[in-house]
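To keep things clear, I will list the structure first and then write my remarks on it.
Everything numeric in this text was worked out from a predicted model, so none of it was measured. Residue numbers count from 1 along this sequence.
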Amino acid sequence: MQQIIELTTPRLLLRQWRDSDLPPFAALNGDPRVMACFPATLSREASDAVAQRCRGLIAERGWGWWAVSLRENNTFIGMTGLHIPDAQLPCSPCVEIGWRLAFDYWGKGYAQEAAQAALQAGFTHLQLPEIVSFTALPNVRSSALMARLGMHRDAATFEHPALPPGHRLRTHCLYRLTRAEWCAREGLTS
């Protein structure tokens with residue numbers, strides 16, 4: 001078993017999953033507002049399976065899609081982290097950064113705060129040469145966050161292979177950030 005990386009920010013803790021995270025995770029995965037740029041909302045069983053997979057990958061690697069909770073009261077608010085995508089993408093092999101927060105926690109800067117911590121872990125602790133992020137074109141909120149994180153959008157879009165031709169979410173944009181770019185921005189040597 002790998003040593004599990006946990007990350008602390010001024011307001012958040014990115015940590016291994018707990019059984020108590022499953023009900024609020026299922027609630028956010030069942031919320032049509034949260035899942036508007038995903039193919040469908042998730043059932044409780046499907047949501048639990050995602051959480052268990054996240055937990056297993058963190059146990060195996062020490063990092064992954066971490067559960068995110070507020071430091072002030074330990075309230076679970078979603079997930080953020082790093083992941084090796086299963087799908088064959090134009091940027092494969094790669095490590096992606098992503099996030100999914102409960103709707104009540106949108107617009108408060110939590111996704112950016114958590115993502116910045118995940119980027120730092122990816123580039124300093126894991127020494128990744130590049131981190132990517134991608135989303136369906138209609139997901140302008142996530143695209144804006146990718147840009148705020150200093151990621152650069154590729155000119156070309158791509159068709160996500162997990163979605164059928166003609167699906168409204170199939171066309172994706174891809175953002176990238178290299179370790180050298182991140183280090184230069186942070187005033188660090190790469």
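- Although no hydrogens or angles enter the test, the distance criterion places a donor-acceptor pair under 3.5 Å between the side chain of Trp106 and the main chain of Leu101.
- Other residues, nucleotides and ligands contribute at most 12 non-hydrogen atoms within 6.0 Å of the NE2 atom of His125.
- At least one side-chain heavy atom of Leu13 sits under 4.5 Å from a side-chain heavy atom of Ser69.
- Scanning all heavy atoms of the two residues, the minimum distance from Pro23 to Ser20 falls at CD-O, 3.5 Å.
- Residues Leu12 and Tyr110 have side chains in contact (heavy-atom distance under 4.5 Å, counting atoms from C-beta outward).
- Interatomic distance, OG of Ser143 versus CG of Leu137, reported as 7.0 Å (0.5 Å rounding).
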| task | I would like to know whether Trp99 and Tyr105 meet ring-ring contact (aromatic ring centres under 6.0 Å, His included); could you show each step before the answer? | result | CA-CA 12 Å; Trp99 43 84; Tyr105 300 97; over 10 Å; no
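- Between Phe158 and Phe134, the ring-plane angle classifies as perpendicular under the 30° and 60° cut-offs.
- Judged by the 6.0 Å and 45° rule, Arg100 forms no cation-pi pair with Phe25.
- Salt bridge status for Asp19 with Arg55: present, with a side-chain N to carboxylate O gap under 4.0 Å.
- In this view, Arg53 and Asp86 satisfy the salt bridge (charged side-chain N to carboxylate O under 4.0 Å, His left out) rule, not counting sequence neighbours.
- Ion pairing of Arg179 with Glu130 is absent here, as no side-chain N (NZ or NE/NH1/NH2) approaches a carboxylate O to less than 4.0 Å.
- A salt bridge does not link Arg11 to Glu72: none of the charged nitrogens lies less than 4.0 Å from a carboxylate oxygen.
- In this structure, the side chain of Glu181 engages the main chain of Thr178 through a donor-acceptor pair within 3.5 Å.
- Salt bridge annotation for Arg170-Glu159: present, with a cationic side-chain nitrogen under 4.0 angstrom from a carboxylate oxygen.
- Ile97 contributes atom CD1, which lies 5.5 Å from atom CG of Leu82 (distance to the nearest 0.5 angstrom).
- Judged purely by atom type and a 3.5 angstrom limit, Asp48 has no side-chain atom pairing as donor or acceptor with the backbone of Glu45.
- Using a 4.5 Å heavy-atom threshold, the side chains of Tyr175 and Thr135 count as separate.
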